[in-house]
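Working notes, beginning with the structure itself.
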Amino acid sequence: MEKKNLDWSGIGFGYIQTEQRYVSNFKDGAWDNGCLTEDSTVVLNECAGVLQYAQTCFEGLKAYTTEDGRTVTFRPDLNAERMFDTAKRLEMPSFPKERFIDAVKQVIKANEAYVPPFGSGASLYLRPYMFGTNPVIGVKPATEYQFRIFVTPVGPYFKGGAKPLTLCVSDFDRAAPHGTGHIKAGLNYAMSLHAIVSAHADGYDENMYLDAATRTKVEETGGANFLFVTKDNKVVTPKSSSILPSITRRSLITVARDYLGLEAEEREVSFDEVKDFAECGLCGTAAVISPVGKIVDHGNEICLPSGMNEMGPVTKKLYDTLTGIQMGRIEPPKGWIVEI
Ligand SMILES: *Cc1c(COP(=O)(O)O)cnc(C)c1O
């Protein structure tokens, strides 16, 4: 496969249009057969449901080249399942899981020239999404939808090594109890923009959101789950019905237990105990783990012992093992790596 002549390690995280995307439409109660298309535009009626009441959801996953030259993707079945659950909660028609996985494979295959070569640190980001297309003016679910997957090559998340982040405890809430925090809905991001722009303006990299009801428990950031390491090397991730079930975080728990022999627990984490942790990281598809060095709560600084220069040692082991599995250097658990 002849690769595109792109500056793979310098491309950053933005939209680069490729030739092919996958599209399927839902009408009269059924999804059509779906197909690949070169048309990158979406033309909608001015009253389309997505434009009025934000009926839209999405997923994110990556394809990349392994050390031995295979094109693979990571656990697409979990993205299929999560989008299925998200769609249900938003009263959208679920896209069948087998078809989701098939569409993922088709769109990677069709854009194989854009899957960055091994060693570049870059990958091909896939964005599956769905939105209501027919006119909706009274508040109700749309009756017609479009499911699409486009792809875009993205550069290495950390250029020149992972620099620990500084977070601030947000005064805004990300998700209400019994709300939509556990699904990947566009609306969760729309309302987070003001909070992240404000945090950046104040010099922070990310927000730490606490639970909306009591503001005593750690939830997550705008787009990544927390992972903590205790001083006796136990991995801890917050449990809450209003955080998004990150596939990276769930995979890291398995890596901690089954590959590194560490104890790992998912439980409520009170903000008061954050000062006692040895390491902290943010988990998500984009960066796998971003180390956190400092968390600021209204002027009170919590400085993680791992410091502001590098990942903590356990975080580093988790990162190296999961990326080793993804890159084909370490034997994966069954079903994690899907070859294209
Ligand atoms: C997508 C997302 C994550 C990360 O999930 P992954 O499946 O690991 O990419 C975490 N939190 C939120 C709010 C998200 O939307």
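When a ligand or atom number is given, it counts from 1 through the structure's own listing order. FYI, the numbering just counts along the sequence from 1.
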Under 3.5 Å, N or O to N or O, is [X] touching ligand 1 that way?
| X | result |
| --- | --- |
| Ile247 | yes |
| Thr248 | yes |
| Arg82 | yes |
| Ser246 | yes |

Checking salt bridge (Lys or Arg N to Asp or Glu O under 4.0 Å) against Glu266, which of Lys234, Lys239, Arg249 comes through? Arg249
Is the count of non-hydrogen atoms from other residues, nucleotides or ligands lying under 6.0 Å from Asn5 atom CG greater than 12? no
For His178, does the NE2 atom sit with more than 12 other heavy atoms under 6.0 Å from it, leaving out its own atoms? no
With the threshold set at under 4.0 angstrom, would you say Gly222 reaches ligand 1 through any of its heavy atoms? yes
Does ligand 1 have any atom that is closer than 4.0 Å to a heavy atom of Ala224? yes
Between Phe58 and Tyr189, is the ring centre distance below 6.0 Å? yes
Among the clusters formed by ILVMFWY side chains lying less than 4.5 Å apart, do Ile16 and Leu124 turn up in the same one? yes
Give the cluster check for Leu244 versus Tyr209: same hydrophobic cluster or not, with ILVMFWY residues linked at side-chain heavy-atom distances below 4.5 Å. no
Considering only protein heavy atoms, which is closest to atom 9 (O) of ligand 1, and at what distance to one decimal place? Thr285 OG1, 2.5 Å
So which heavy atom in the protein is nearest atom 1 (C) of ligand 1, and how far is it from that ligand atom? Lys184 NZ, 1.4 Å
Cation-aromatic face contact Lys62/Tyr125, 6.0 Å, 45 degrees: no
Number the atoms of ligand 1 from 1 as they appear, then name those within less than 4.0 Å of a heavy atom of [X], with their elements.
| X | result |
| --- | --- |
| Glu220 | 10 (C), 11 (N), 12 (C), 13 (C) |
| Asn225 | 10 (C), 11 (N) |
| Tyr189 | 2 (C), 12 (C), 13 (C), 14 (C), 15 (O) |

side-chain hydrogen bond (donor to acceptor under 3.5 Å, both in side chains), that's the test. Do Thr41 and Asp39 meet it? Break it down for me. CA-CA 6 Å; Thr41 58; Asp39 191 354; 2.7 Å; yes
Kindly identify the option in His182, Arg250, Arg174 whose heavy atom sits closest to atom 13 (C) of ligand 1. Arg174
Given Pro245, Ser192, Gly223, identify the one with the heavy atom nearest to atom 10 (C) of ligand 1. Gly223
Ring geometry between Phe147 and Phe95 (parallel below 30°, tilted from 30 to 60°, perpendicular above 60°): parallel
